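Notes follow the structure.
Numbers restart at 1 for each chain; the letters A, B, ... are given by sequence-line order, proteins then strands. A quick note: this is a predicted structure, and the numbers were derived from the prediction, not measured.
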Amino acid sequence: MEEKATKSLNFIEEIVEKDLESGKVKSVVTRFPPEPNGYLHIGHAKAICLDFGLAEKYKGKCNLRFDDTNPVKEDVEYIDSIKEDIQWLGFSWGDREYYASDYFGKLMDFAIELIRRGLAYVDDQTSEEIAQQKGTPTEAGKESPFRNRSVEENLDLFQRMNAGEFDEGCRVLRAKIDMTSSNMHLRDPIIYRIIKRSHHRTGDKWNVYPMYDFAHGQSDYFEGVTHSCCTLEFIPHRPLYNWLVDQLKEGEYRPNQYEFNRLNLTYTVMSKRKLLQLVEEKYVDGWDDPRMPTISGLRRRGYTSDSIRNFVDTIGYTKYLALNDFGLLENAVREDLNKTATRVMGVLDPVKLIITNYPEGQVEELETVNNPEKPEEGSRNIPFSRELYIERNDFMEDPPKKFFRLGPGREVRLKSAYIIKCEDFKKNEETGEIEEIYCTYDPETKSGSGISRKVKGTLHWVSSEHAFDAEVKLYDRLFTDENPDGHKDKSFLDFLNTDSLKILKGCKLEPGLKDAKPGDRFQFTRLGYFTVDKKDFIQGKPVFVRTVTLKDSWAKLSKKQ
RNA sequence: UGUCCGAUGGUGUAAUGGUAGCACUUAUGAUUUUGGUUCAUACAGUCAAGGUUCGAAUCCUUGUCGGACAACCA
């Protein structure tokens, strides 16, 4: 029997296993808590894989909980996209779709209880005054003049805040903790503020809304969450999280917060605010633009959910900052698509090639393998004729030694067809453009005939009469800098790649591709992986999006020279 | 001049006091009707200095460097 190499655990899995073994928790409950104020990006995918993955691995549960405590920023339109993305990644929250707003009543009760215990007070100051008293990371804060109001007055004021008697910004409810704490979050944090805005779920029921810190840990507690995972920047919030849970909890049970490093990728930005800016200022074509690092963008680009999950799996979870190479993600999708994508032929930059000794009007159906990695997927026929298209850069008038393609007097194989020899070509003397290439073919060397000889190169091609014209979109990275966010004096927008989308028209594709459907994925032989764009799809007129190129050692070689 | 978190090849991660390993990248070669895939080989790392120990990437001390924290955002 073969022993399976056990993959080492990440530090959170270790904690979970320890807690399970010691009996500290009976079963794992996690939660994924998106704020419905934007689309999910691949950084969220990392969190989703952890939260849902933990539940899956240890046979626990993961709740989906929308963190909807701020009606100013949030919108229902985002809720559907978030759910779609999680499902597409292959995870399920069952019937546990929750909202922080489900707990507004309980949170209000808890706030009132804190006031009664003298642990919360209403502050009448402006946000500027409060900010000033807050101190700085190196200087202690000062106590608010309203800090020691009577319980009765606090109760009355808070109730009137919620009744709508005061304008936004006039008063807040603060927890009474410690203005001299070295942790800024413990300096009497604001826990409720007045917002007179309709909430997508609770309508106009409330005039006050809890802050994140006052909602998150308590929601975890209400749901019986055991392991509450978030990113590193919440480390300083943990003492507040614990303080609040301590005030709230009745028995032994408590949720615990653990922090892991967020995902950063080279050549992109990952903050929702910046992604929103790219969308609103129309630098991209929407949240699902194939250049965006959003889940919907990657999906439209042709990424598979498996490739994203594999990628997340390889980058891991640690406690220190990382900037992951975008190439790693590309590698993950190549690895997946190499196994699954049907090989087809398409010529993106066509030049006509005429086989002078091939009978005019003759058409042959040639057999070609669908996927050499999966022989069980069989083969199909493609038409071959006297006039073909090949890729313009597969011909050179005066090729260097290491160019294994077509040039005067040179022989190459046409994939799944014949060996051809270049006899002549026609060049436009004014523009220098090659207009036609003339070849002869060797009928003996038909693919599969068993008769062949060594030729250096194999080219892809399509029959000109049978090809259909299509539009192909080539996307490149959105930014020219590895870390567009990492410059003090410059905005990430200064590094926008102005050449990140090329639209090719009149590409010549093999006839079967005419029926391709949105979401179909192919490998265009020798070029890369392509998918059919979902957006504005018209039956019979598919537009192809390049997911990623194939690795290209020739491009590397020729660049070096 | 605060508090907290962290530091392992170019990048991302393992090793939980006992042989520093893996993936990607890079380089070279083999196979190949995709300059793809696959396979083989090579390059390359424990932030620094002390200490504890038979033995330290791991524990302790000090330093260095990086990051987070001063929204009525999450």
**Q.** side-chain hydrogen bond (donor to acceptor under 3.5 Å, both in side chains) evaluation trace for Arg521(A) with Thr340(A)
**A.** CA-CA 9 Å; Arg521(A) 297 185 180 89; Thr340(A) 55; over 6 Å; no
Taking the six-membered ring of Tyr98(A) (Phe, Tyr or Trp), confirm whether the NZ or CZ of Arg65(A) is under 6.0 Å from its centre and within 45° of its axis.
-> no
*Do any side-chain nitrogens or oxygens of Tyr320(A) fall under 4.0 Å of OP1 or OP2 in U13(B)?*
yes
> Regarding Lys421(A) and the six-membered ring of Tyr441(A), is the cationic atom NZ or CZ under 6.0 Å from the ring centre and inside 45° of its axis?
Replying inline: no
Scoring nucleotides 67-74 of chain B by protein non-hydrogen atoms under 4.0 Å (B base, S sugar-phosphate only, - none) yields SSBBBBSB
Would you state whether a donor and an acceptor, one from the side chain of Arg526(A) and one from the base of U34(B), lie under 3.5 Å apart?
no
| said: Ignoring hydrogens and geometry beyond distance, is the side chain of Glu373(A) in donor-acceptor contact with the base of G36(B) at under 3.5 Å? | reply: yes
Q. Reckon Lys551(A) has a side-chain N or O less than 4.0 Å from the OP1 or OP2 of U34(B)?
A. no
### Between Phe544(A) and Phe524(A), ring centroids under 6.0 Å
yes
For nucleotides U32(B) and G67(B), find the distance between their C1' atoms and express it as a whole number of Å. 48 Å
- request: Between C4(B) and G10(B), how far apart are the C1' atoms? Round to whole Å, please.
  value: 30 Å
Residue set satisfying side chain to side chain contact (heavy atoms under 4.5 Å, CB included) with Tyr320(A), at least two apart, ordered chain then number -> Thr318(A)
Closest to the side chain of Lys556(A), out of A7(B), U26(B), U11(B), is U26(B)
Here the distance between atom P of U13(B) and atom CG of Asn331(A), to the nearest Å, is 16 Å
Here the distance between atom C1' of A23(B) and atom CD of Glu330(A), to the nearest Å, is 16 Å
Parsed dot-bracket for RNA chain B after applying the Watson-Crick and G-U rules with both distances under 3.5 Å and | for other-strand partners is .((((((..((((....[..)))).(((((.......)))))....(((((..]....))))))))))).....
Point to revise | Six-ring centre of Tyr317(A), Lys46(A) cation under 6.0 angstrom, axis tolerance 45° | key: yes
Rounded to whole Å, CZ of Phe384(A) lies from C1' of U33(B) at a distance of 14 Å
| task | Could you work out the separation of U1(B) and A71(B) based on their C1' atoms and round it to a whole Å? | result | 25 Å
Atom CZ of Phe311(A) and atom P of U13(B) are separated, to the nearest Å, by 10 Å
*So, is the end of the Arg174(A) side chain (NZ or CZ) under 6.0 Å from the ring centre of Tyr121(A) and within 45° of the ring's axis?*
no
Only one of Phe214(A), Phe222(A), Tyr221(A) passes ring-ring contact (aromatic ring centres under 6.0 Å, His included) with Phe110(A), and that residue is Phe214(A)
Is the base of G35(B) touched by the side chain of Arg405(A) through a donor-acceptor pair closer than 3.5 angstrom? yes
